[in-house]
Amino acid sequence: MGNCNKKGKPSRPSVRDPINIRGDKENKVSYAKVVLIGNSGVGKTSIAQRFIEGKFDENNKNTVGASYFQKNISFKDGSSLCLYIWDTAGGEKFQALAPLYYRVKSKYIINIFQNAHAAVVCYSVTDDDSLKQIDTWLNKLDEHGNIAKMIKVVVGNKSDVDKSERRVDLKEGKLFAQQRDLPFFETSALLNDGSIDELFQKLASQIKQSFTKEELHATV
Amino acid sequence: MQQSDFGFQGQSGGLNNFNKQSNMFKESQLKIMQLESDIKLKEMKLNLLQLQNQTRTAEHSETMRQLQDQINKIQKEKKELIMSKDEQIQTLNQEINSLEQQLIQAKLDAATIKSQLQEERNKALILKRQIKDVHKVSQIQMASKGNMGLTSSGHKPRESNMDFLKNLKLENKSKAYSSSNKSSFIGGSSEYQTNNGAERVQGSNQDYADHLIEHNEQWSQKKAIQISDAFKEDNYSQSQKDQYGVEENKRSESKADDEEYQSVQMKPFEDEDWNEEMDNQSKLKEALRAVLRAKLYEQVQDKDTVKTWVEQFLPKLKSSKDHSKIQTQKKFKEALKKGIPSEIRGLVWQQLIGNELRITDQLFKLLLERAELSEQNADKDPVFRKNLKVIEEDLHRTFGELGHFRYGNKLYQPLRNVLIAYSVRINKFQIHQQMLRPDLGYVQGMSYVAGSILLHCEGEIEAFKCFSNLMNRDLLFNFYSFDMEKVNIIFHVFMTLMREKLPKMYQVFKQTNLSCSIFLFEWIVALYSNIFPLETSAKIWDQYLFYGDFFLIKVAIGICSSLEQNVASNNFEMMVLLFKNVRNFVTEDMLLDSLKLVKFNKKEYDKLKRQIENTPNLERLI
């Protein structure tokens with residue numbers, strides 16, 4: 001049943017299947033909350049879409065607020081990890097939208113970084129400003145996240161663009177991540193080159209390594 | 001001696017006594033001994049009895065112990081049984097939970113597949129229609145060619161031609177025919193139109209349009225201009241064929257008159273070699289004209305509703321500033337519920353929104369000039385530069401599936417202008433500063449509001465007026481300025497209403513710790529245009545613009561009410577998925593139905609809001 005919503009993608013590990021998870025007495029499946037952050041227009045929604053649905057939608061909408069996805073990742077040892085992915089609105093003005101998610105402490109207002117096990121911090125290789133902003137986003141994570149072990153990865157999206165459109169080299173991005181001691185990926189949501197699957201696979205195994213089973217019972 | 005005798009005697013008498021007494025004593029002693037032995041015996045017996053009793057009690061206690069053990073055992077077994085039952089129940093519960101989740105998931109999947117299917121169907125329909133039209137046209141061509149040989153006899157070919165036209169008309173009455181198709185169809189093929197013909201056709205069309213919609217000057221003019229524009233473009237081609245143009249025109253005008261039609265048609269055929277081709281063209285043209293007419297007819301199918309709107313409601317809206325005259329009219333409210341006809345929606349919206357800020361055309365121009373200036377010196381104004389960047393990024397993503405706002409398309413520049421004019425910093429223009437909101441700048445979500453307006457109102461100036469006045473409305477302004485205290489109040493209002501109107505849903509919210517901020521903020525900020533199809537959100541707008549802020553909250557409650565049936569489990573993630581995919585679960589009809597069921601009016605809203613505003617320490621209260 002995990003496959004029924006994505007026709008034609010049988011190769012993918014079974015997705016959005018929290019049911020088997022719950023019913024599983026051996027408790028092989030754990031949950032992790034992942035937030036996608038970064039400037040507006042770097043392609044966060046496209047990354048999520050490529051990962052979840054295996055497609056690229058040229059007519060994607062700008063995210064107002066946040067979108068939510070979930071997907072199961074299976075490991076070779078038979079266990080699996082269900083990722084709860086929060087795709088946030090980026091952009092200059094998300095910082096204005098942000099208080100909604102983390103400043104005001106009211107029952108009805110949640111902090112989107114609360115209980116996040118991992119954060120995918122994105123920039124676009126066509127926008128050097130978005131790379132510079134990564135530090136701002138990292139600071140925000142430190143400020144508002146409550147899990148000290150939170151895994152952070154830096155992702156340079158739109159690697160498919162022409163050389164002439166590129167503003168951030170692969171090297172530059174790598175160096176940037178290295179200096180901050182963070183894993184680095186360059187991805188393309190447009191091309192079906194597996195870069196995004198790789199990103200999430202690695203992220204998932206990293207999460208599995210870093211957190212105990214008890215810690216991987218995410219409350220979204 | 002005597003004495004001793006006496007003594008003896010006395011002594012012997014005493015001795016007797018003594019003996020008697022000693023006998024008695026002995027007897028009593030014996031009795032005592034007997035009694036004592038009796039007692040001893042009895043004691044012994046008692047002891048024995050006691051011993052017996054002790055052994056018995058010991059036995060009893062043993063059996064008791066054994067029984068206790070048995071009881072314990074049974075209890076243990078029972079406990080184990082209960083435990084196992086509990087486990088079973090738990091696993092069953094888990095299964096139920098998982099099944100429920102599967103159900104939701106399946107529903108989600110089904111809904112997405114359904115929508116995909118619908119999309120494909122629509123595409124197929126449009127393609128079918130296109131094919132049909134092409135087919136018809138070619139049929140007409142074929143027919144006219146085939147009829148050429150018989151034209152001298154006249155009647156027959158004309159009849160068949162008319163039949164085709166009739167068919168075509170009928171064909172095009174169907175509503176779903178996309179207008180863009182038609183216009184390109186007309187524009188692309190009417191290149192044979194001559195000067196005179198163009199004028200005539202234009203005139204007749206205008207007459208036609210005027211006749212149909214006499215009462216709406218603006219609209220009819222717009223349409224007429226559109227039509228004339230379409231023909232003007234083709235005016236310059238083939239002026240050398242003027243003479244035939246005139247003839248064709250005559251023919252097209254006097255369709256009712258058989259004889260004239262015939263005579264006109266005969267002429268060119270007799271005179272020239274390329275008559276045949278010409279005739280083909282003219283017939284083609286006629287077919288096209290029929291299409292045009294059908295298009296107009298189609299627009300007027302809803303003539304009555306449009307008429308009542310134009311004749312009754314619009315003037316009333318125009319005449320009374322606070323809409324008090326129309327407020328009490330049931331008929332108006334009913335019509336509003338059905339939705340404003342799309343032809344005049346823009347006009348009605350303008351009236352409903354009003355222009356409290358008194359935004360003038362000049363102000364808009366000034367703002368645009370100012371924006372251009374800022375754009376040139378963007379380096380000096382980092383705030384504007386950032387705004388501009390986000391706007392540019394959002395333009396093509398606004399209603400991305402429609403593509404209207406993509407670079408190079410018709411509405412790209414208007415949307416850009418509206419958003420930029422609104423977000424430009426106007427501190428140099430003291431005049432209107434207190435009215436516009438340079439502090440707000442551009443916030444993501446605004447592009448949806450401005451985009452929706454532009455899709456319905458023509459002209460960026462009008463759209464700008466609507467947009468900035470709309471932004472000035474309480475709820476929208478508070479949300480867009482991120483006045484979290486006020487946003488919080490609205491959340492409280494919403495949750496309180498949930499508790500009252502949808503207690504079941506409210507319980508699920510409580511149990512799952514779901515926060516309405518997850519969805520409510522973005523619903524309101526984009527005025528529901530990002531979660532519903534355009535037509536549905538336009539209908540929501542129709543009522544929101546008239547009733548005001550309370551209606552937005554009512555819609556939110558309505559959506560929750562429609563979603564209630566889908567809430568199968570108290571699973572947080574499933575709830576989030578549900579609320580993030582409203583489009584797949586709530587159709588327009590469902591929403592309208594639940595809006596009918598939700599009994600909630602403006603007074604209640606105001607009262608509740610005031611009440612919550614006056615609650616001290618609101619943030620900590622919850």
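Everything quoted here is computed from the prediction, not taken from an experiment. Naming convention: chains lettered A, B, ... in sequence-line order (proteins, then strands); numbering from 1 in each chain. Just so it is clear, the values below take in all heavy atoms, side chains as well, and ignore hydrogens, waters and symmetry mates.
- For A:T212, the side-chain contact (heavy atoms from CB on, under 4.5 Å) partners are A:E214, A:E215, not counting sequence neighbours.
- Using a 4.5 Å cut-off between heavy atoms, A:D127 touches chain B through its side chain atoms alone.
- Contact of B:F399 with chain A is not made at all, since no heavy-atom distance falls under 4.5 Å.
- Classified by interplanar angle (parallel below 30°, tilted 30° to 60°, perpendicular above 60°), the ring pair B:F519/B:F509 is perpendicular.
- Highest contact tally toward chain A, considering only B:N530, B:L520, B:T398, is held by B:N530 [criterion: heavy-atom pairs under 4.5 Å].
- Residues passing the side chain to side chain donor-acceptor pair (under 3.5 Å) test with B:S529, sequence neighbours excluded: none.
- Between A:F211 and A:H117, the ring planes lie perpendicular to each other; the angle is over 60°, past the 30° to 60° tilted range.
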